[in-house]
Amino acid sequence: QVQLVESGGGLVQAGGSLRLSCAASGRTFSTYVMGWFRQAPGKEREFVAAITRDASSTSYVDSVKGRFTISRDNAKNTVNLQMNSLKPEDTAVYYCAARGSTVLSTHNFAYGSWGQGTQVTVSS
């Protein structure tokens, strides 16, 4: 497994931007598919974005396409989520996750390692 720690959350007005970061510790970070999920109070955890080992492919939930961008820097063991044009519906705790595979997945059960999460609150 890989250890993950998210940061960069906070309070922002609708239409604003935030950049989330996920710091990973582990010798084999570059071998993992990485994903971002989010969970609002009283709701199920939702897939947001994922990126392959070499960043050659990405996947996004429809509601964030064109607004969010996932990226990774294997040399620094980090994964980022740039969030622009934020909406109140984006309010949630955001989690990064790692999957020991070359295949992207939108299912939370496919990811074996999880961070503790970072709170994102978007005011209207």
Q: For Asn108 and Trp114, work out which heavy atoms get closest and say how close.
A: O-CZ2, 3.3 Å
Q.
Filter on salt bridge (charged side-chain N to carboxylate O under 4.0 Å, His left out), then keep only pairs touching residues 35-54, sequence neighbours left out; what's left?
A. Arg38-Glu46, Arg38-Asp90
Q: May I ask you to decide if Ser25's main-chain N or O and Gln3's side chain share a donor-acceptor pair within less than 3.5 Å?
A: no
Q | Heavy-atom side-chain proximity of Tyr60 to Val48 below 4.5 angstrom | A | no
Q: Kindly state each residue pair satisfying salt bridge (charged side-chain N to carboxylate O under 4.0 Å, His left out) with at least one member in residues 56-66, sequence neighbours excluded.
A: Asp62-Lys65
Result block: side-chain N/O donor-acceptor pairs under 3.5 angstrom for residues 79-87, not counting sequence neighbours:
| from | atom 1 | to | atom 2 | distance (Å) |
| --- | --- | --- | --- | --- |
| Asn80 | OD1 | Ser21 | OG | 2.9 |
| Gln82 | OE1 | Arg19 | NH1 | 3.2 |
| Gln82 | NE2 | Asn84 | OD1 | 3.0 |
| Asn84 | OD1 | Ser17 | OG | 2.9 |

Q. Does any pair with a residue in residues 27-58 pass disulfide (SG to SG under 2.5 Å), and if so which ones, sequence neighbours excluded?
A. none
Q: Answer yes or no: is there a donor N or O on one side and an acceptor on the other, between the side chain of Arg72 and the main chain of Lys76, under 3.5 Å?
A: no
(Q) I need the Phe37 CZ to Thr106 OG1 distance, nearest 0.5 Å. (A) 7.0 Å
Q) OG1/Thr58 to CE/Met34 distance, rounded to the nearest 0.5 angstrom? A) 14.5 Å
Q. Does the side chain of Thr102 come within less than 4.5 Å of Thr52's, by heavy atoms?
A. no
Q) Can you list the residues that meet the side chain to side chain contact (heavy atoms under 4.5 Å, CB included) rule with Ser113, with sequence neighbours excluded? A) Gln1, Val2, Leu4, Ala98
Q. Which residue pairs satisfy the ring pair (Phe, Tyr, Trp, His ring centres under 6.0 Å) criterion with at least one member in residues 68-108, sequence neighbours excluded?
A. His107-Phe109
(Q) Main chain of Ser7, side chain of Thr118: is a donor-acceptor contact present, judged purely on distance under 3.5 Å? (A) no
Q) What residues form a side chain to side chain contact (heavy atoms under 4.5 Å, CB included) with Ala50, not counting sequence neighbours? A) Phe47, Leu104, Tyr111
**Q.** Over all atoms of both residues, closest heavy-atom pair of Phe29 and Asn74
**A.** CE2-OD1, 3.2 Å
Q: Applying side chain to side chain contact (heavy atoms under 4.5 Å, CB included), name anything that partners Thr121, two or more places apart in sequence or on another chain.
A: Leu11, Thr91, Gln119
Q.
For Val12 versus Gly16, what's the shortest heavy-atom pair and its separation?
A. CG2-CA, 3.8 Å
Q. Quick one: side chain to side chain contact (heavy atoms under 4.5 Å, CB included) partners of Ala23, sequence neighbours excluded?
A. none
Q | Residue pairs passing the disulfide (SG to SG under 2.5 Å) test where at least one lies in residues 38-124, sequence neighbours excluded | A | Cys22-Cys96
